[in-house]
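Heads up, the thing below is written out as structure tokens.
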Amino acid sequence: MTMRMAIAGGGLGGLTLARILRRHGIDAVVYEREASRSARSQGGMLDLHPESGQQALADAGLAGRFRSEARPEGEEHRILDPAGRTLVHHKPQPGSFARPEIDRSALRDLLLDSLPGDAVAWQHRLVAATPRADGGFGLTFDGGHRADCDILIGADGARSVVRSLLTDTKLSYVATLVELSISDADRRHPEIAELVGPGNLWCVGVNQILAAQRLGDGGIRVGISLRAEDRDIDTYRSKRALLDMFDGWNPHLTALIEAGDSAPTPRRIEAMPSGARWAHRPGVTLIGDAAHLMPPVGEGANQAMLDAGELAGELAANPADPDSAIQAYEEAMFTRIQPIAEMSARVQAMMLSPTAADDIIRFFTPRPTEPAPAH
């Protein structure tokens with residue numbers, strides 16, 4: 001394929017796409033807004049599912065590297081009530097490798113290391129993509145850089161610039177997430193380290209969750225999920241205000257907020273409508289959050305990577321007709337994503353409901369098999 005392919009966004013989806021395309025002899029330039037791979041923290045842990053994220057890494061030829069970096073013990077999961085009582089405690093079987101956790105930064109490094117140094121153009125934040133008269137698109141980046149491409153793939157996340165070429169779908173505000181981090185937890189906060197354990201901890205109240213997850217570097221990432229509210233986002237930048245929201249909770253749990261290394265970081269969680277689609281347009285498509293932004297309940301990165309694998313597979317199978325390849329990818333992706341987006345919306349609503357604890361216990365408790373009907 002001699003066409004110039006541009007991938008807007010160097011997150012997990014964009015990098016997976018670039019890597020799998022390259023394995024098929026197709027070059028693409030990834031345009032990434034960050035200044036370098038270490039310019040900012042990449043967030044917490046991900047559990048990669050066998051049928052999506054792990055499948056994409058296998059397509060990328062990186063399954064072995066992934067196995068050596070992943071943390072199967074991170075699958076351990078405890079759910080507590082506000083008094084600190086254990087409601088659910090899931091421990092993975094020894095030797096299990098079902099949905100192992102991996103730090104986002106480790107996964108991104110693994111993908112970056114698999115690409116040549118010039119595959120990613122750093123410090124290129126796309127601000128506009130303009131259709132050209134002869135086909136393809138002119139790209140304009142922050143600071144005035146320009147480039148042209150024949151095929152444009154938007155892997156540019158929740159606030160995708162490329163999405164506006166295909167649809168004017170509006171995002172809806174579904175929750176507030178406030179994050180804190182605790183570094184070197186075993187040494188500095190041993191009692192908190194023991195509470196969180198090697199995996200994930202959820203403390204479930206009425207319309208609010210206090211969660212924590214262990215990172216591969218020994219740190220802990222704390223996440224507070226709250227319902228979408230009209231209050232100013234800056235309200236959540238104060239530990240004092242957060243502690244007031246968890247008044248009456250067991251102090252061993254609220255210690256997670258007090259131990260944060262710096263001021264809390266709040267953000268609004270947004271989602272696209274679960275049935276969002278667009279009419280095919282030649283030379284452009286979307287993957288990941290740009291295509292189907294969902295609440296963060298475990299599917300976003302996995303589906304972004306699977307999108308990348310499936311799009312790369314279609315392009316590799318039909319290099320002479322990239323538009324047919326893109327169209328085939330889009331139809332399959334829309335069909336696959338709709339039930340996953342609907343499930344993600346249901347889980348998000350369940351987790352922040354007044355009956356969340358009971359609902360989550362039911363969700364995580366294996367159902368007994370139905371008895372055979374008597375004859």
Side-chain angles (χ1 to χ4, degrees), residues 1 3-24 26-40 42-43 46 48 52-53 55-57 59-62 66 102 104-127 129 137 139 141-142 145 147 149-166 283-294 296 299-316 322 325-326 329-330 333 337:
M1 186 186 286
M3 305 191 98
R4 292 166 300 172
M5 190 176 300
I7 300 170
L12 300 177
L15 295 174
T16 302
L17 178 61
R19 163 67 181 179
I20 300 175
L21 287 172
R22 187 165 287 270
R23 291 194 87 201
H24 290 290
I26 300 171
D27 285 345
V29 179
V30 178
Y31 293 102
E32 168 54 39
R33 65 185 176 183
E34 290 172 17
S36 70
R37 69 161 72 190
S38 56
R40 71 174 181 90
Q42 293 302 310
L46 295 167
L48 284 198
S52 47
Q55 177 61 52
L57 285 177
D59 294 346
L62 297 171
F66 169 66
I102 185 168
R104 271 181 184 269
S105 56
L107 183 55
R108 191 186 193 213
D109 281 347
L110 189 153
L111 289 162
L112 283 167
D113 291 345
S114 75
L115 292 167
D118 61 355
V120 179
W122 298 99
Q123 234 167 331
H124 277 67
R125 181 170 72 84
L126 185 67
V127 292
F137 297 88
L139 308 178
F141 301 95
D142 188 32
H145 300 296
C149 66
D150 301 302
I151 295 175
L152 173 60
I153 292 140
D156 51 342
R159 302 210 163 271
S160 168
V161 170
V162 182
R163 188 193 295 137
S164 60
L165 293 167
L166 292 166
V284 58
T285 194
L286 307 171
I287 66 171
D289 286 350
H292 43 69
L293 182 64
M294 295 181 266
E299 287 290 352
N302 280 289
Q303 295 303 318
M305 293 171 73
L306 185 57
D307 289 349
E310 293 190 348
L311 176 57
E314 294 287 356
L315 289 165
I326 287 172
Y329 151 75
E330 287 174 343
M333 181 269 290
I337 284 294

* Can you find a pair of side-chain heavy atoms, one from M3 and one from M5, that are under 4.5 Å apart? -> no
* Structure fact -> Residues passing the side chain to side chain contact (heavy atoms under 4.5 Å, CB included) test with A158, sequence neighbours excluded, are L293
* What distance separates F66 CZ from L110 CG, expressed to the nearest 0.5 Å? -> 9.0 Å
* **Euclidean distance, R163 CZ relative to D289 CG, rounded to 0.5 Å** => 8.5 Å
* To do: Check the pair D27 / R22 against side chain to side chain contact (heavy atoms under 4.5 Å, CB included), numbers first and verdict last.
  => CA-CA 6 Å; D27 285 345; R22 187 165 287 270; 3.6 Å; yes
* Structure fact -> Note: A308 and G13 closest approach over all heavy atoms is CB-O, 3.4 Å
* CA sep, side-chain torsions, deciding dist, call: L139, Y31, side chain to side chain contact (heavy atoms under 4.5 Å, CB included) -> CA-CA 10 Å; L139 308 178; Y31 293 102; 4.0 Å; yes
* Under the side chain to side chain contact (heavy atoms under 4.5 Å, CB included) criterion, do I151 and V284 qualify, and how do the steps go? -> CA-CA 6 Å; I151 295 175; V284 58; over 6 Å; no
* Asked: Is D113 paired with R37 through a side-chain N to carboxylate O contact shorter than 4.0 Å?
  -> yes
* Using the test side chain to side chain contact (heavy atoms under 4.5 Å, CB included), find all partners of R23 that sit at least two apart in sequence or belong to another chain. => R19
* A6 versus C149, closest heavy-atom pair with distance -> CB-CB, 3.7 Å
* With no hydrogens and no angle check, is any side-chain donor or acceptor of N302 less than 3.5 Å from a backbone partner on S52? -> no
* To do: Evaluate the side-chain proximity of T16 to D307: yes if any heavy-atom separation is below 4.5 Å, no if none is.
  => no
* Structure fact -> Sequence neighbours excluded, the answer for salt bridge (Lys or Arg N to Asp or Glu O under 4.0 Å) partners of D59 is none
* Could you state the interatomic distance from CD (Q303) to CE (M294), rounded to the nearest 0.5 Å? -> 5.5 Å
* Asked: With a 4.5 Å heavy-atom cut-off, do L286 and I153 have their side chains touching?
  -> no
* To do: State, yes or no, whether a side-chain contact exists between H292 and M333 at a heavy-atom distance under 4.5 Å.
  => yes
* Residues two or more places apart in sequence or in another chain: which of them pass side chain to side chain contact (heavy atoms under 4.5 Å, CB included) with V120? -> L15, V30, E32, L112, W122
* May I have the step-by-step check of side chain to side chain contact (heavy atoms under 4.5 Å, CB included) for L126 and F141, ending in yes or no? => CA-CA 4 Å; L126 185 67; F141 301 95; 3.9 Å; yes
* Asked: Do you know which two heavy atoms are closest between I287 and A155, and how far apart they sit?
  -> CG1-CB, 3.7 Å
* Asked: Just wondering, do L152 and L165 contact through their side chains at under 4.5 Å, heavy atoms?
  -> yes
* For H145, enumerate each residue passing the ring pair (Phe, Tyr, Trp, His ring centres under 6.0 Å) test, keeping only those at least two apart in sequence or located in another chain. => H124
* Does some side-chain heavy atom of T285 sit less than 4.5 Å from a side-chain heavy atom of L311? -> yes
* To do: Please answer whether the main-chain N or O of V161 pairs with a side-chain N or O of D156 as donor and acceptor at a distance below 3.5 Å.
  => yes
* Structure fact -> Taken to the nearest 0.5 Å, the spacing of L48 CG from L46 CG works out to 6.0 Å
* Can you name the side chain to side chain contact (heavy atoms under 4.5 Å, CB included) partners of E314, sequence neighbours left out? -> A325, A328, Y329
* **Any side-chain heavy-atom pair of L107 and L12 under 4.5 Å** => yes
* Structure fact -> Of all heavy-atom pairs linking A312 and I20, the shortest is CB-CG2, 3.6 Å
